[in-house]
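What follows is one structure encoded as structure tokens, with my remarks underneath.
Each chain gets a letter, A, B and so on, in the order its sequence line appears, and its residues count up from 1.
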Number of protein chains: 2
Amino acid sequence: MQRRAEIPALGSLGSSARAVVRALLLAGPLSRAELARRLERSPASLTKITRPLLDSGLIQEETAPLSESRGRPGAPLTLDASRHRFIGVKVTAGEVYGVRADAAGRVEASAHRPLVDVKQGTVVGQIVHLVKELAEPGPVQALGVGLAGQMSRFDRTVRSNAYLGWDEVPLARLLEQATGIPTVLSGDARALTAGVQWSGPGRGLSDFAVLTVGVGVGLGIVLEDRVLAGPTGKVGMLGHHRVSDSGPLCTNGHRGCASAFLTTDAITRGIGVPLGRTDLDLETAFRLAEEGDDVALRVFADAGHALGVLIAELVNILGLPAVILAGDGLGMLAHVRPRMDAALAEHLDPNATTPSVVPFTSGFDEWARGAAVVACQWMLVDPPSPALEPA
Amino acid sequence: MQRRAEIPALGSLGSSARAVVRALLLAGPLSRAELARRLERSPASLTKITRPLLDSGLIQEETAPLSESRGRPGAPLTLDASRHRFIGVKVTAGEVYGVRADAAGRVEASAHRPLVDVKQGTVVGQIVHLVKELAEPGPVQALGVGLAGQMSRFDRTVRSNAYLGWDEVPLARLLEQATGIPTVLSGDARALTAGVQWSGPGRGLSDFAVLTVGVGVGLGIVLEDRVLAGPTGKVGMLGHHRVSDSGPLCTNGHRGCASAFLTTDAITRGIGVPLGRTDLDLETAFRLAEEGDDVALRVFADAGHALGVLIAELVNILGLPAVILAGDGLGMLAHVRPRMDAALAEHLDPNATTPSVVPFTSGFDEWARGAAVVACQWMLVDPPSPALEPA
DNA sequence: GTCCTTTCCTTCACTATGTCAACTAAAGAG
DNA sequence: CTCTTTAGTTGACATAGTGAAGGAAAGGAC
């Protein structure tokens with residue numbers, strides 16, 4: 001058995017070694033010859049690149065040869081993803097969620113802590129507590145934090161966050177100083193999308209969108225294998241996107257916008273108010289629909305219509321072959337799917353290819369897991385990110 | 001005066017030399033120090049990279065020094081774009097348009113030829129004629145051809161083109177054999193967008209969309225300085241994108257779709273049919289609107305509304321700071337702008353930044369010029385494209 | 001078994017590209 | 001006139017990749 005401490009950190013690798021690690025993480029065991037084809041290098045280069053990785057124990061050569069067709073079988077190289085740990089944190093309304101995941105995005109541990117206020121010190125303190133709790137066994141290579149709001153891919157500063165009331169807070173540096181772990185920030189929808197792409201239902205797809213439904217409506221887009229950051233971090237502002245000329249008002253007073261049909265609040269109030277039950281919850285709403293209640297059926301039909309229209313717009317504009325649905329409001333899918341499919345078919349351009357619409361049920365952990373994946377990707381970007389700033 | 005024949009072709013350059021040429025074409029005269037900063041290389045490297053380019057006459061050192069602030073002034077390097085010629089061709093309904101442009105995208109000559117049928121031989125023959133006519137003075141470095149339909153960035157084969165009725169036609173190879181000029185194919189909207197980005201109103205913008213209005217409705221998207229090809233070449237299928245719950249039917253029988261409001265045909269028929277004037281043209285429609293005709297005013301108002309909704313959707317989904325309007329139907333802008341602006345404001349997500357909407361008046365040449373720009377970009381991509389196949 | 005073919009992988013000499021450190025060069029500021 | 005700042009060059013060196021040549025490991029033909 002090899003000593004674990006000797007394995008080098010992913011962040012310390014050269015650019016070609018990173019490319020090899022990325023390929024191995026993405027596509028399992030691969031022979032040198034296969035890697036050479038994928039990375040568009042010569043076989044000679046792959047011998048050279050993989051040697052130090054094998055020597056350091058970062059990758060291993062499997063004994064069972066990979067025999068396909070005739071000719072000498074390739075020696076499969078593997079990377080033991082479980083030896084590289086990352087922590088992901090998602091900051092929400094009143095809570096901070098965190099997970100520890102390996103390089104393959106598998107969750108090893110999760111935890112959460114309440115957020116009593118949004119003062120800098122409180123939030124940083126709670127994140128640090130959470131990280132220390134999760135970091136326990138073995139070294140952690142990087143920490144990713146997902147926050148609502150506009151930030152670039154691999155950001156270091158919260159520039160302006162309406163929800164937290166923050167302005168120019170160097171959160172990554174503060175967390176690095178407190179934890180000693182290299183830290184990146186990312187938009188939460190972007191992080192979720194990265195998680196879906198790296199090790200969720202988006203794995204292997206080079207182009208897709210993630211549409212989330214819950215407290216709000218969110219969007220993440222992957223084009224040509226890259227998660228879109230948006231020019232100003234502002235991708236997917238479709239919460240108040242108009243979906244119908246009629247319909248209810250949203251909380252901002254817009255008629256017929258996506259939020260007015262799709263958020264948990266819109267659904268519970270849409271059903272609860274006409275029935276005089278102001279504190280109706282989603283489960284009750286589902287039950288009412290199953291019992292054939294007229295109001296519930298109409299509200300879910302409208303939600304399905306809104307969802308179908310949003311998907312059609314995405315596909316018409318971007319030509320996406322797949323759309324993944326996620327978020328804690330996804331439970332309604334069973335009730336809205338027929339109407340969603342109908343609206344999608346109706347609004348899709350006749351020349352566009354019908355996308356596959358894939359539901360992805362997940363809890364709040366998935367947002368944190370996405371942040372962990374972002375941290376891992378950060379360690380593997382080319383060109384390498386600047387090293388941890390001196391504390 | 002230097003002998004022109006000695007200048008090396010752009011396609012023969014190494015990858016760093018290409019990067020220098022791209023930067024000089026994009027941002028005019030730049031000193032070595034400035035190039036080093038932009039390309040993220042050391043000053044020493046730039047001395048080394050630029051030396052053979054200067055020796056070969058491909059770039060020149062300007063005499064007037066570039067004096068900013070204190071310190072030694074930089075020696076501006078320029079690339080004489082006019083010494084590199086490209087031909088762009090756009091294949092449309094009954095005609096083939098072509099232009100000869102320089103590396104900066106400036107049109108030097110243009111011509112067009114009728115297309116009596118869409119047989120392979122006929123189309124290839126007409127393109128070859130056009131190219132020979134335009135290629136006259138000096139050598140041409142590459143030929144770009146823009147066609148409607150789905151193709152990748154820098155394609156070589158028309159895989160399936162409903163309009164031409166073609167299937168798996170190796171058009172690039174055929175044209176290379178007939179003309180001896182390296183040839184690329186590209187989607188027409190993609191080519192137009194490349195032209196706008198390289199040397200049109202999109203110059204300097206890293207994120208924008210081009211929305212075209214005319215016979216149909218087209219879309220091109222630039223994100224992070226890259227023209228989007230779309231996963232299957234299918235970006236911007238918004239011709240039949242639903243814009244309103246009510247409104248006229250389009251030619252495919254869809255109610256309220258973009259085509260039903262915005263195409264030239266939709267406008268002339270929308271005004272002409274109620275007035276009993278079946279052969280009404282756009283000019284007459286404009287005049288009617290200026291005279292205050294009720295029908296014309298309503299049709300243009302609806303068109304403005306449709307345009308505003310499309311722009312809002314684009315901006316909501318992608319966070320684009322700018323949208324450029326083009327196409328031969330753009331003449332209507334004056335008549336539709338108030339309503340367009342209103343619809344844009346109404347449908348834009350309150351959290352999104354209002355984009356600048358820039359009209360770009362242009363003729364059919366602009367589509368061909370885009371194809372020439374694609375040819376130039378093809379010569380400058382990194383990694384280099386495979387060289388001209390042996391004929 | 002003994003070839004032969006195919007594919008994988010390595011070695012080695014070589015090229016391309018880019019860097020650092022030390023230097024010269026040209027301007028403005030005091 | 002010297003100091004500072006910025007630009008550009010030089011030469012020794014580093015890094016990453018390649019092609020050509022050959023060894024290694026399988027299956028197939030005989």
Side-chain angles (χ1 to χ4, degrees), chain A residues 8 12-24 27 29-56 59-78 380 382-384 386-387, chain B residues 8 11-24 27 29-56 59-78 380-384 386-387:
Chain A
S12 66
L13 302 173
S15 71
S16 41
R18 281 157 193 260
V20 167
V21 169
R22 278 197 306 268
L24 288 180
L30 294 171
S31 67
R32 276 166 263 247
E34 183 56 33
L35 282 167
R37 283 185 290 265
R38 288 185 187 235
L39 307 180
E40 296 184 296
R41 303 267 144 106
S42 69
S45 299
L46 264 113
T47 299
K48 216 186 260 187
I49 296 167
T50 52
R51 169 131 37 243
L53 297 179
L54 284 161
D55 289 347
S56 67
I59 63 174
Q60 288 85 36
E61 195 162 322
E62 272 184 14
T63 46
L66 196 59
S67 174
E68 296 152 357
S69 71
R70 58 181 167 286
R72 172 178 170 176
L77 302 175
T78 56
L380 292 173
D382 191 51
Chain B
S12 67
L13 302 174
S15 72
S16 41
R18 280 156 193 262
V20 166
V21 169
R22 277 196 306 267
L24 288 179
L30 295 169
S31 68
R32 276 166 263 247
E34 183 55 33
L35 281 166
R37 282 187 291 267
R38 286 183 188 236
L39 307 180
E40 294 183 298
R41 308 262 146 102
S42 69
S45 298
L46 264 113
T47 298
K48 217 185 259 187
I49 296 167
T50 52
R51 168 122 46 237
L53 296 179
L54 284 161
D55 289 347
S56 68
I59 64 175
Q60 289 85 36
E61 195 162 322
E62 270 184 14
T63 47
L66 197 60
S67 174
E68 296 153 357
S69 70
R70 59 182 166 286
R72 171 178 170 176
L77 301 175
T78 55
L380 292 173
V381 278
D382 191 51

Which whole-number value in Å describes the distance from [X] [atom1] to [N] [atom2]?
| X | N | atom1 | atom2 | answer |
| --- | --- | --- | --- | --- |
| A/Glu34 | C/dC8 | CD | P | 8 Å |
| B/Arg72 | C/dC23 | CZ | P | 17 Å |
| B/Leu77 | D/dG8 | CG | C1' | 11 Å |
| B/Arg38 | D/dA7 | CZ | P | 13 Å |
| B/Glu62 | D/dG8 | CD | C1' | 17 Å |
| B/Ile59 | D/dG8 | CD1 | P | 11 Å |

Exercise. What distance separates B/Ser15 OG from B/Leu380 CG, expressed to the nearest 0.5 Å?
Worked result: 12.0 Å
For this session: Check whether the side chain of B/Arg32 and the base of D/dA7 form a donor-acceptor pair under 3.5 Å.
Result: no
For this session: Could you tell me whether a side-chain N or O of B/Ser45 sits under 3.5 Å from a main-chain N or O of B/Arg41, the two making a donor and an acceptor?
Result: no
Exercise. Is there a donor-acceptor contact under 3.5 Å from the side chain of A/Arg18 to the main chain of A/Leu13?
Worked result: yes
For nucleotides 28-30 of chain D, print each protein N/O atom paired with a nucleotide N/O atom at under 3.5 Å, atom names and distance only.
none

Write down the atom of [X], the atom of [Y], and the distance for their closest heavy-atom approach.
| X | Y | value |
| --- | --- | --- |
| A/Leu30 | A/Leu35 | CD1-CD2, 3.7 Å |
| A/Gly74 | A/Ser31 | CA-CB, 3.9 Å |
| A/Ala17 | A/Leu53 | CB-CD2, 4.0 Å |
| A/Ile59 | A/Leu54 | O-CD2, 3.5 Å |

Exercise. Is A/Arg37 near enough to C/dT7 that one of its side-chain N or O atoms lies under 4.0 angstrom from OP1 or OP2?
Worked result: no
Exercise. Picking from D/dT9, C/dC9, C/dA27, which would you name as closest to the side chain of A/Ser31?
Worked result: C/dC9
Seminar exercise, completed: Exactly one candidate in A/Val20, A/Leu46, A/Thr50 meets side chain to side chain contact (heavy atoms under 4.5 Å, CB included) with A/Leu77; the answer is A/Thr50
Problem set entry | Residue pairs involving residues 29-38 of chain B (criterion salt bridge (Lys or Arg N to Asp or Glu O under 4.0 Å); sequence neighbours excluded) | B/Arg32-B/Glu61, B/Glu34-B/Arg37, B/Glu34-B/Arg38
Would you list the protein and nucleotides 14-18 of chain D atom pairs, both N or O, that sit under 3.5 Å from each other?
residue: D/dG17; atom: OP1; partner: A/Arg41; partner atom: NH1; Å: 2.9
residue: D/dG17; atom: OP2; partner: A/Ser16; partner atom: OG; Å: 3.2
residue: D/dG17; atom: N7; partner: A/Lys48; partner atom: NZ; Å: 3.0
residue: D/dG17; atom: O6; partner: A/Lys48; partner atom: NZ; Å: 2.7
residue: D/dT18; atom: OP1; partner: A/Ser42; partner atom: N; Å: 3.3
residue: D/dT18; atom: OP2; partner: A/Ser42; partner atom: N; Å: 2.8
residue: D/dT18; atom: OP2; partner: A/Ser42; partner atom: OG; Å: 2.6
residue: D/dT18; atom: OP2; partner: A/Ser45; partner atom: OG; Å: 2.1

